[in-house]
Number of protein chains: 2
Amino acid sequence: MGGSRSTVDLDTSLGYLLKQAASALRSAMDAALRPLGLTVPQYACLELLAQRPGLSNSELARGAFVTRQSMNVLLQGLERDGLVSRPAEPPAAGRALPAQLTPLGRERLEVASSVVQQVEERMRAGLDADQQGALRALLTACVTALSDSAPK
Amino acid sequence: MGGSRSTVDLDTSLGYLLKQAASALRSAMDAALRPLGLTVPQYACLELLAQRPGLSNSELARGAFVTRQSMNVLLQGLERDGLVSRPAEPPAAGRALPAQLTPLGRERLEVASSVVQQVEERMRAGLDADQQGALRALLTACVTALSDSAPK
DNA sequence: CATTCTATGTCAGACTACTGACATGGGGGG
DNA sequence: CCCCCCATGTCAGTAGTCTGACATAGAATG
């Protein structure tokens, strides 16, 4: 078991490669969404709400991989732009405020989803169906391995 | 999870899964490096300098997936802490200032590399050698596909 | 040789995201 | 029943990162 090598070899490191891939995807999505006036986290929030209406702020934050606080300001911006609506008063049961897409938000998301799908297709250009499934399985394994061994 | 035509299905989206994996890895690395007083980009910078001494600010920025400006302030902090050294004067040929690890920086990196390697090993826990090679190949294919089709 | 293009370093500003902290609502265990 | 623990929403402060812009150095082009 290890300890013999003193530094990580970036050319063969899975972590470095993972970051490189995520960075490339992020840049491509950012460029594709910029003309629509949406950032990547904003798009992620809209997409989450389209598939699971009524998600609360904290649930959206976990789904978009940001903190509650960041998602809160993000949601305020989307509300201000009329893409998302939240009840102003606490919902009688619990504190979580369920958010909903407005018709305008749904419309904006339609366009955003199509450009993002084009980006994803570009990314999968050289992969056949089997390879895509394999990649999905391998990434899932990495995620579960990391979260299972996560302290606290 | 019915596949809708108008929106991206997050449960089967490779992009979403990629972001999830990168986020989990980032969190794990962040937690592992925090006790050492290093952030992930700082660690990336040190690791790059260990393997390719004399890299300039811009080259480090590309290698760490940040902008030149961000890498510049990051380098200033590392210089202030005595982990990295750069010549104060322009090097007669070109504008690029080659950066070097100081002995203290090398020492700090030793510890950081070991904890990061432990994180990577946790991530690869459920993958055998073949699967790791496959994952590497698939991610590389995604990166090249994205950069080849990149506009600009 | 002059011009243009590209790359680099740097400065200024704005924005994004995070950490820390506090109050509130709901569920269990004593 | 009361208390403890966890999750949520929110506020304030801080730190990190990006975009935009400018000047300079070297290469490429005519």
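So that the names make sense, note that chain A is the first sequence line, chain B the second, and so on, each numbered from 1.
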Worksheet item: After noting the C-alpha distance and the side-chain angles of A:Leu49 and A:Gln100, does the key distance pass the side-chain contact (heavy atoms from CB on, under 4.5 Å) rule?
Response: CA-CA 6 Å; A:Leu49 281 178; A:Gln100 298 280 345; over 6 Å; no
Give the table of side-chain donor-acceptor pairs shorter than 3.5 Å for residues 69-76 of chain B, with sequence neighbours excluded, one pair per line with atom names and distance.
| residue | atom | partner | partner atom | Å |
| --- | --- | --- | --- | --- |
| B:Ser70 | OG | B:Thr67 | OG1 | 3.1 |

Practice prompt. Nearest whole angstrom, please: distance from the C1' of C:dA7 to the CG of B:Leu97.
Written response: 14 Å
What side-chain donor-acceptor pairs closer than 3.5 Å can you find for residues 25-34 of chain A, not counting sequence neighbours?
| residue | atom | partner | partner atom | Å |
| --- | --- | --- | --- | --- |
| A:Ser27 | OG | A:Ser23 | O | 3.1 |
| A:Asp30 | OD2 | A:Arg34 | NH2 | 3.2 |

Practice prompt. Give me the residues of residues 16-37 of chain A where at least one heavy atom lies under 4.0 Å from an atom of DNA chain C, by number, or none.
Written response: none
Worksheet item: What distance separates A:Gln51 CD from B:Leu10 CG, expressed to the nearest 0.5 Å?
Response: 4.0 Å
Practice prompt. Let me know the distance between CG of A:Leu74 and C1' of D:dG9, rounded to the nearest Å.
Written response: 16 Å
Worksheet item: Between B:Met71 (CE) and D:dT19 (P), how many Å, whole number?
Response: 15 Å
Fill in: Pairs flagged by salt bridge (Lys or Arg N to Asp or Glu O under 4.0 Å) wherever residues 56-84 of chain B is involved - sequence neighbours left out
B:Glu79-B:Arg86
Worksheet item: Would you say the side-chain atoms of B:Tyr16 pair up with the backbone N or O of A:Ala44, donor to acceptor, closer than 3.5 Å?
Response: no
Worksheet entry | Members of residues 42-70 of chain B that approach DNA chain C, where some heavy atom sits under 4.0 Å away | B:Ser56, B:Asn57, B:Ser58, B:Arg62, B:Arg68, B:Gln69
Worksheet item: Any sub-3.5 Å donor-acceptor pair from B:Thr102's side-chain atoms to B:Leu83's backbone N or O?
Response: yes
Fill in: Pairs where residues 97-124 of chain A contributes a residue and the test salt bridge (Lys or Arg N to Asp or Glu O under 4.0 Å) is met, not counting sequence neighbours
A:Glu120-A:Arg124
Discussion item. Strictly below 4.0 Å: does B:Asn72 bring a side-chain N or O up to OP1 or OP2 of C:dT10?
Written reply: yes
Worksheet item: Separation of B:Arg80 atom CZ from D:dA15 atom P, in whole Å?
Response: 11 Å
